[in-house]
Protein chains: 2
Amino acid sequence: MSRFPNRRVSIKDVASAAGVSLQTVSRVVNKSANVAEPTRERVLQTIHELGYRRNEIARNLIQGRSHSLGVVCAGLDYFGGRQINGGITAEAEIQGYSLLLKEHQPSDPTPPDTFVQSLLDRQVDGFLWMLSDNTADHDQILDTLVKKYGLPVVAMVNPRNPDVPHAAFDNFSAGLMATRHLIERGRRRIVHIAGLPRSWEAQERVRGWRVAMQEAGLPAGDDRLCYGNWGPEGGVAGLQELLVRHPDLDAVFAGNDNTALGAMLEAHRRGKHIPQDIAFIGVDDTKGAGWFFPPLTTIRQNRVEMGRQAVRMLISMIEARFAGEETVPVTNYVHPPELIVREST
Amino acid sequence: MSRFPNRRVSIKDVASAAGVSLQTVSRVVNKSANVAEPTRERVLQTIHELGYRRNEIARNLIQGRSHSLGVVCAGLDYFGGRQINGGITAEAEIQGYSLLLKEHQPSDPTPPDTFVQSLLDRQVDGFLWMLSDNTADHDQILDTLVKKYGLPVVAMVNPRNPDVPHAAFDNFSAGLMATRHLIERGRRRIVHIAGLPRSWEAQERVRGWRVAMQEAGLPAGDDRLCYGNWGPEGGVAGLQELLVRHPDLDAVFAGNDNTALGAMLEAHRRGKHIPQDIAFIGVDDTKGAGWFFPPLTTIRQNRVEMGRQAVRMLISMIEARFAGEETVPVTNYVHPPELIVREST
DNA sequence: CTGTTAGCGCTTTCAG
DNA sequence: CTGAAAGCGCTAACAG
């Protein structure tokens with residue numbers, strides 16, 4: 001077998017078969033003007049016959065760009081987590097960009113910089129950053145990417161670095177909306193089981209809860225707050241702890257749907273009726289939440305739309321860069337929360 | 001701004017800075033033998049100072065291979081679905097391969113061949129095939145890939161094409177195991193709410209259920225079987241229908257955990273006690289299943305391990321190909337089911 | 001042990 | 001409108 005088992009028909013093959021120069025074929029392929037119609041036809045015919053397709057690698061080399069995006073994400077296996085979604089793949093496809101995927105698992109000691117470098121070696125034109133901000137070196141790596149290399153980056157997480165545009169969820173409003181809903185439903189002793197304490201998203205939701213409680217004149221001290229891990233385990237442990245402190249609590253705002261799932265299980269085990277004894281609300285509207293027992297009221301986070309927006313922002317930055325424009329400030333996209341009322345409240 | 005905003009330090013820069021030829025730098029970078037130690041040191045030093053990194057695109061071009069894998073998957077958003085996972089990303093990373101991701105959404109009319117071609121244009125060395133077999137042209141595309149192009153492909157789905165090695169779950173044994181567990185628990189009137197009727201995986205699980213029932217001398221006719229859509233909706237509808245046909249059913253084998261989730265919700269709504277009145281078992285062990293109400297007994301499918309195996313198989317095929325070996329038959333990997341007993345049975 | 005030459009497949013520039 | 005030449009960054013083959 002040849003050393004190049006994957007060799008395909010090249011532009012040269014087409015050129016000689018059609019009796020024209022490489023240049024002409026290139027022009028036809030790239031839909032450049034200056035080609036006589038008969039020539040164009042003939043070349044197109046040859047291309048079709050030979051099944052020619054442009055080698056993107058070769059094109060990348062000479063153009064100094066790859067039409068591909070580096071995606072750095074965390075925890076693909078993480079249930080309901082921050083991950084690559086249909087919005088991202090679909091939008092990239094529409095715009096003619098490919099996706100190079102790297103995953104940084106939370107347990108992985110490899111610094112994320114390794115992934116970034118490896119992506120850079122493959123000449124990605126920009127980065128879609130989906131690592132959560134509590135990863136080691138997070139801020140510094142983003143800084144290097146943006147300041148030193150001047151590369152386009154769009155984050156779908158903590159926009160702590162003001163130089164990095166982001167497409168993110170309005171976590172604060174989500175917390176506000178969830179808590180207000182519980183209050184409107186007549187609940188007064190509302191506790192909050194938050195996500196990971198070091199997470200910006202968790203903190204914002206906590207803040208929303210606090211503000212909503214305060215504006216209603218309800219207590220929202222640290223004794224009514226508990227941190228978990230975004231998983232059901234955290235919900236179980238959180239409700240246990242909060243019931244010790246406040247046996248009379250009448251509603252739980254869970255940091256996300258998974259936390260709510262665990263908390264509801266714990267409530268069932270204690271013979272509490274949902275929502276009569278305790279109401280529950282989550283955040284995310286993960287697939288499945290509508291079939292929890294009881295179906296969970298939640299704040300929907302449309303991650304597909306967010307992904308779509310992020311890709312659009314990133315590509316517009318890339319195109320501007322290659323067009324030689326100065327760095328244009330890109331406006332952030334903040335995704336609004338949406339209340340989905342079901343039977344748990 | 002230059003036409004090449006992403007230009008980096010090249011091998012040429014290193015060569016002139018270190019006062020050696022391109023070749024010597026290349027040899028150092030590729031850890032080739034024939035380099036004098038002092039020279040090597042000096043080059044390494046220069047590389048470090050200049051922050052040189054090899055341009056993989058250029059390397060790909062001349063080597064005719066890209067050290068990247070094309071991943072064609074279905075429904076990233078699909079809850080608990082067949083998707084790219086930590087096993088895949090981690091194993092590819094370890095072996096020094098990149099992942100180029102394409103998603104074919106079920107609703108997308110674009111033929112999957114488009115994705116395949118686009119991946120080929122980017123010179124992927126092989127394919128990880130995660131499209132379900134009911135996609136249009138599925139078999140034909142795989143055939144072309146393998147027979148015509150002779151490209152390495154590993155499937156994580158329906159191994160209907162014997163030329164395509166696969167890393168798949170033992171769906172039949174899963175059905176057998178689930179049903180036997182229910183029988184051992186003393187259940188006799190066991191119904192099955194399966195997945196999509198056209199899916200091979202669903203059919204295999206159905207077959208497992210049938211065999212287990214028959215070997216126990218229990219009835220397993222079509223009247224005790226119902227097809228869904230792998231989602232909770234299917235579980236709700238399925239249980240409703242089966243309860244009409246068999247009001248005395250005492251156990252449900254759900255095609256997957258999501259189906260079980262929906263079916264359990266419907267059971268709760270009818271005031272049935274789980275597992276006293278009806279026992280439930282699922283397949284998958286999705287994150288969350290352990291916190292359903294009640295926690296779901298299920299057959300675990302370790303997709304991370306399956307992903308890892310698939311990547312290993314694929315890379316070994318690729319390496320063999322580039323080493324000039326004849327196509328070596330790769331042994332399939334069949335992942336064993338694992339029973340996880342919880343409170344729903 | 002080291003350097004030179006050629007060329008992967010393509011696009012860009014410049015001549016005709 | 002078309003072609004020739006140069007070269008993106010790298011590695012393979014061959015000299016020395």
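Letters go in sequence order (proteins before strands), and every chain restarts at 1.
- Classified by interplanar angle (parallel below 30°, tilted 30° to 60°, perpendicular above 60°), the ring pair A:His67/A:Tyr97 is tilted.
- Side-chain nitrogen and oxygen atoms of A:Ser10 include none within less than 4.0 Å of the OP1 or OP2 phosphate oxygen of C:dC8.
- Remark: the B:Ser118 side chain and the B:Lys102 side chain contain an N/O donor-acceptor pair separated by less than 3.5 Å.
- Distances shorter than 4.0 Å separate none of the side-chain N or O atoms of B:Thr39 from OP1 or OP2 on C:dC1.
- In this structure, A:Ile84 CD1 and A:Leu99 CG are separated by 4.5 Å, a value rounded to the nearest 0.5 Å.
- For A:Glu41 and A:Gln45, the side-chain atoms include no donor-acceptor pair closer than 3.5 Å.
- OP1 or OP2 of C:dG9 sits under 4.0 Å from a side-chain N or O of A:Arg7.
- Using a 4.0 Å heavy-atom criterion, one finds that B:Val29 contacts no nucleic acid atom at all.
- One atom, CD of A:Glu56, and another, C1' of C:dG9, lie 11 Å apart when rounded to the nearest Å.
- For the pair B:Gln63 CD and D:dG9 C1', the computed distance is 12 Å after rounding to whole Å.
- Which of D:dG7, C:dG3, D:dG3 sits closest to the side chain of A:Ile62 comes down to D:dG7.
- Remark on DNA chain D: of its neighbouring residues A:Ala36 and B:Arg59, the 5'-side contact belongs to A:Ala36, judged by nearest-heavy-atom nucleotide.
- At C:dT12, none of the side-chain N or O atoms of A:Ser26 fall inside 4.0 Å of OP1 or OP2 (strictly under the cut-off).
- If you take CD of A:Gln23 and P of C:dT13, they are 11 Å apart, rounded to a whole angstrom.
- Between A:Leu61 atom CG and D:dG7 atom P there is a gap of 14 Å when expressed in whole angstrom units.
- Atom-to-atom, CD1 of A:Ile11 to C1' of D:dT2 comes out at 14 Å; the value is rounded to the nearest Å.
- Among the heavy atoms of the strands lying under 4.0 Å from B:Arg54 are primed sugar atoms or P, OP1, OP2 only; no base atom is included.
- At D:dG7, none of the side-chain N or O atoms of B:Lys12 fall inside 4.0 Å of OP1 or OP2 (strictly under the cut-off).
- Distance CZ (A:Arg27) to C1' (C:dG9): 17 Å, rounded to an integer number of Å.
- If you measure from atom CG of B:Asn60 to atom P of C:dC8, you get 16 Å, rounded to the nearest angstrom.
- The CZ-C1' distance, from A:Arg65 to D:dG9, rounds to 19 Å in whole Å.
- A centroid separation of 6.0 Å or more is found between the aromatic rings of B:Tyr333 and B:His166.
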